[in-house]
**Q** 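Mind having a look at this structure? Questions to follow.
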Amino acid sequence: MFAGVKHLLIFSVIVMQLHITALAASGKTAQAAVAMPDSYSSDVARAILEQGGNAVDAAIAAQFVLAVTLPEAGNIGGGGFMLIQKDGQGDFIDYRETAPIAAHRDMYLDDKGNVVANKSIYGIHASGVPGSVAGMWLAHQKHGTLDWKTLVEPAVKLAEQGFIVHPKLASSIERYIARMAKKDVTINFADYFASAKANQNFKQPELAATLKRIREQGKAGFYEGETAKIIADFMAEHGGIITQADLKAYQAKSRTPMKAAWNGYQVLTSPPPSSGGIAIIQWLKMYELTKSKAGLEHNSTAYIHLLAEIGKRVFADRAEYLGDPDFFDVPKSELIAMDYLKKRSSIITLDKISTTENIKPGLYESEQTTHFSIVDKWGNAVSNTTTINLGYGSGVVVAGAGFLLNDEMDDFSAKPGVMNVFGALGGKANEIQPHKRMLSSMTPTILLKDNKVKMVTGSPGGTTIISSVYESILNAVEFNMSADEVVNSPRFHHQLWPKNVIRHHPGLDAGVVKALEKMGYTLDERRFGDMHVIIERDGKLDAGSEASGRGKAMVF
Ligand code: DON
């Protein structure tokens with residue numbers, strides 16, 4: 001019997017080898033991979049790829065599944081960015097939310113001109129016009145190969161028939177309900193989610209009905225007709241400002257990705273209204289210019305200090321120059337020009353922290369967004385980050401449509417030059433205007449070599465996203481780590497303000513922590529991000545999902 005099994009195994013290996021050789025000869029890669037934030041999105045993305053769909057098809061199906069099974073961040077009531085490398089070409093689907101038509105610069109200020117606490121974070125006033133459904137529709141029209149209905153169907157099923165709630169999700173919902181009960185700012189949240197219990201089936205019939213309209217009518221199933229009316233009526237009933245006209249006017253946009261040569265690679269990444277692409281290019285290039293000062297030991301004192309110094313400069317630029325490019329002229333190429341970065345990094349020294357006040361201020365935000373990475377057997381890749389901003393967004397469930405609305409309006413600067421509740425600063429570039437997109441840190445990124453996909457990376461985590469992404473690239477390229485090592489090795493983040501604070505994961509060397517404190521840094525040990533990364537080396541894919549989350553990565 002054992003001999004039989006052995007022969008069968010040998011036979012299978014030979015068949016697989018033949019398959020790989022045939023695919024290689026036809027210019028296709030044999031493998032595909034997914035690195036996803038939960039098992040449902042992972043299994044559905046895989047099934048779509050195995051059905052012959054491409055990476056974009058799998059991404060669209062996964063986005064809708066996450067709207068059902070990952071309510072803290074997955075969504076149809078939020079937005080995001082999808083970076084695509086397909087058939088050798090880059091594309092960037094910007095489905096970021098927009099400010100409603102009735103929004104205005106001072107909408108979060110009281111009559112004395114002070115920012116009203118929490119108004120842009122919780123409740124009916126916090127939401128931008130959702131972009132996710134339009135984004136998936138545009139991605140499908142441009143790049144999809146399978147039928148739209150096939151891609152929405154898995155989400156419909158999971159909403160209608162239910163899914164088994166992961167204990168981490170159940171306890172997160174429980175904590176959120178307890179916390180929000182004191183604030184009294186959510187609408188309908190507990191009514192819709194309190195029954196989601198660990199290891200039990202959880203059905204969402206209203207969400208299923210909304211998803212069915214999207215399945216049948218495409219984009220119009222959300223932005224027009226019954227769903228649009230439900231949203232607009234709900235808004236009016238609660239004093240919100242999003243109308244049917246806002247929904248009808250929403251447009252997802254296809255933009256040219258940022259591209260920069262770095263260390264023998266092409267970094268393909270997110271353009272504005274993401275701040276992240278420019279930020280990681282600046283970070284990687286300034287690291288390249290200054291690394292000889294520090295040596296290369298991973299997560300050493302010098303390494304962390306050097307990258308923190310670079311971070312000060314990156315975040316100063318972010319606060320000043322970045323906003324929605326359709327409203328504000330972002331100096332994209334100037335910010336990543338080598339001469340500029342040389343000048344900017346030349347005064348970094350290894351023994352001294354530069355004075356925060358001498359560098360223009362940066363930003364600080366909070367947690368919950370989600371990211372996934374997909375590579376198909378043709379070597380196409382999708383890197384997708386999507387969000388409703390904080391965990392469970394504004395805490396507002398649209399009654400009758402069964403989905404959570406975002407609190408993305410908080411990513412605008414509520415008052416130019418004044419920190420918001422998270423310590424975020426912003427100016428003219430990111431002030432509120434109707435139809436404008438709020439600045440984002442989401443940074444879906446793909447690393448290419450000779451125009452072939454080498455790495456797909458991204459993370460949630462507000463402004464810490466930018467650190468997670470550039471550190472994942474350094475981990476893979478400079479330190480040759482596996483995908484699991486890349487996502488699980490301790491990361492750190494510095495962003496100018498709060499002054500000289502380095503936030504970091506548990507697991508940094510105790511001696512390094514002491515040495516940084518001695519230099520004058522304050523160390524803040526708190527996890528951030530949830531990375532899902534795919535790496536290609538020598539024709540083989542390697543996928544990793546961060547162990548602290550509930551992600552699932554597979555190569556097949
Ligand atoms: O777009 C942004 O930068 C934020 N709204 C993202 C929020 C976020 O990542 C929170 N997550 N963990």
Side-chain angles (χ1 to χ4, degrees), residues 37 66 70-75 77-83 92 94-99 120-122 126-132 135 168 172 176 269-280 314-315 318-319 322-324 362-372 383-395 404-414 420-426 429-430 432 436-445 457-469 491 493 495 503 505 526-532 546 548-551:
L66 290 167
L70 203 118
E72 63 268 50
N75 66 83
F81 300 135
M82 184 185 288
L83 179 67
F92 182 80
D94 168 358
Y95 58 100
R96 183 72 165 161
E97 300 91 326
T98 55
S120 62
I121 307 170
Y122 305 113
S127 305
V129 182
S132 293
K168 282 183 185 169
S172 150
Y176 185 79
T269 186
S270 309
S274 168
S275 62
I278 287 175
I280 67 155
V314 168
F315 273 90
R318 183 195 193 273
L322 295 182
D324 182 344
L363 302 175
Y364 208 76
E365 290 169 16
S366 183
E367 306 288 303
Q368 268 313 342
T369 292
T370 191
H371 174 85
F372 59 78
S383 178
N384 187 83
T385 312
T386 185
T387 190
I388 40 177
N389 198 20
L390 304 189
Y392 308 103
S394 59
L404 276 159
L405 281 167
N406 67 82
D407 58 341
E408 224 73 60
M409 290 298 282
D410 195 60
D411 278 346
F412 279 118
S413 38
N420 74 2
V421 283
F422 301 114
L425 280 169
N430 193 32
I432 304 170
K436 188 177 176 183
R437 285 157 150 85
M438 54 298 278
L439 186 61
S440 175
S441 297
M442 291 184 289
T443 318
T445 296
T457 182
S459 179
T463 47
T464 67
I465 290 170
I466 297 169
S467 293
S468 290
V469 172
R491 300 191 295 274
H493 173 73
Q495 58 170 44
R503 182 169 165 186
H505 287 194
R526 262 185 308 142
R527 292 203 68 85
F528 54 84
D530 182 33
M531 299 214 77
H532 303 279
E546 205 165 322
S548 58
R550 52 184 206 266

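Whatever order the structure lists ligands and atoms in, that order sets their numbers, starting from 1.
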**Q** I'd like to know if Met438 contacts ligand 1, where contact means a heavy-atom distance under 4.0 Å to any ligand atom.
**A**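 False for this residue.
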**Q** Should the pair Asp411-Arg96 be classified as a salt bridge under the 4.0 Å nitrogen-to-oxygen rule?
**A**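 Judged by the 4.0 Å cut-off on N to carboxylate O distance, Asp411 and Arg96 do form a salt bridge.
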**Q** Which ligand 1 atoms are under 4.0 Å away from a heavy-atom of Met442?
**A**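 Counting from 1, the qualifying ligand atoms are 1 (O), 3 (O).
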**Q** Angle class for the His505/Phe528 ring planes (parallel below 30°, perpendicular above 60°, tilted otherwise)?
**A**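 Answer is perpendicular, since the angle exceeds 60°.
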**Q** Are any of the N/O atoms on Thr387, whether in the backbone or the side chain, positioned under 3.5 angstrom from an N/O atom of ligand 1?
**A**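 By distance alone, the answer is no.
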**Q** Between Thr463 and ligand 1, find which residue part has any heavy-atom pair under 4.0 Å and reply side chain, backbone, both or neither.
**A**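 No part of Thr463 is near ligand 1 at this cut-off.
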**Q** Are the side chains of Pro37 and Leu66 in touch, meaning some heavy atoms are under 4.5 Å apart?
**A**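 In short, these two side chains touch, coming nearer than 4.5 Å.
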**Q** Below 3.5 Å, N or O to N or O, backbone or side chain included: is there any such pair between Gly461 and ligand 1?
**A**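 Checking ligand 1 against Gly461, an N or O pair does fall under 3.5 Å apart.
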**Q** For Ser441, counting its heavy atoms only, list the atoms of ligand 1 lying under 4.0 Å from any of them.
**A**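 Contacts of ligand 1 toward Ser441, numbered from 1: 1 (O), 2 (C), 3 (O).
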**Q** Kindly write out the residues that satisfy ring-ring contact (aromatic ring centres under 6.0 Å, His included) with Phe372, not counting sequence neighbours, or none if the list is empty.
**A**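 With sequence neighbours excluded, Phe372 shows a ring-ring contact (aromatic ring centres under 6.0 Å, His included) to no residue whatsoever.
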**Q** Test of understanding: given a 4.0 Å heavy-atom threshold, classify the contact between Asn389 and ligand 1 as side chain, backbone, both, or neither.
**A**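 Both backbone and side chain.
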**Q** Parallel, tilted or perpendicular, judged at 30° and 60°: which one describes the rings of Phe315 and His493?
**A**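 Rings of Phe315 and His493: perpendicular, over 60°.
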**Q** In plain terms, say whether Lys436 and Glu408 are close enough for a salt bridge, that is, a side-chain N and a carboxylate O under 4.0 Å apart.
**A**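 No.
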**Q** By number and element, which atoms of ligand 1 are closer than 4.0 Å to a non-hydrogen atom of Ile465?
**A**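 The list of qualifying atoms is 9 (O).
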**Q** I need the contact type for Glu72 against ligand 1. Using non-hydrogen atoms and a strict under-4.0 Å cut-off, is it side chain, backbone, both or neither?
**A**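 For Glu72, no heavy atom sits under 4.0 Å from ligand 1.
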**Q** Taking salt bridge (charged side-chain N to carboxylate O under 4.0 Å, His left out) as the definition, give me every residue that meets it alongside Arg491, ordered by chain and number, with sequence neighbours left out.
**A**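 Scan of Arg491 (salt bridge (charged side-chain N to carboxylate O under 4.0 Å, His left out), adjacent residues dropped) gives Glu546.
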**Q** Counting only nitrogen or oxygen atoms and a 3.5 angstrom limit, does Leu439 reach ligand 1?
**A**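 In fact, backbone or side chain, Leu439 has no N or O that close.
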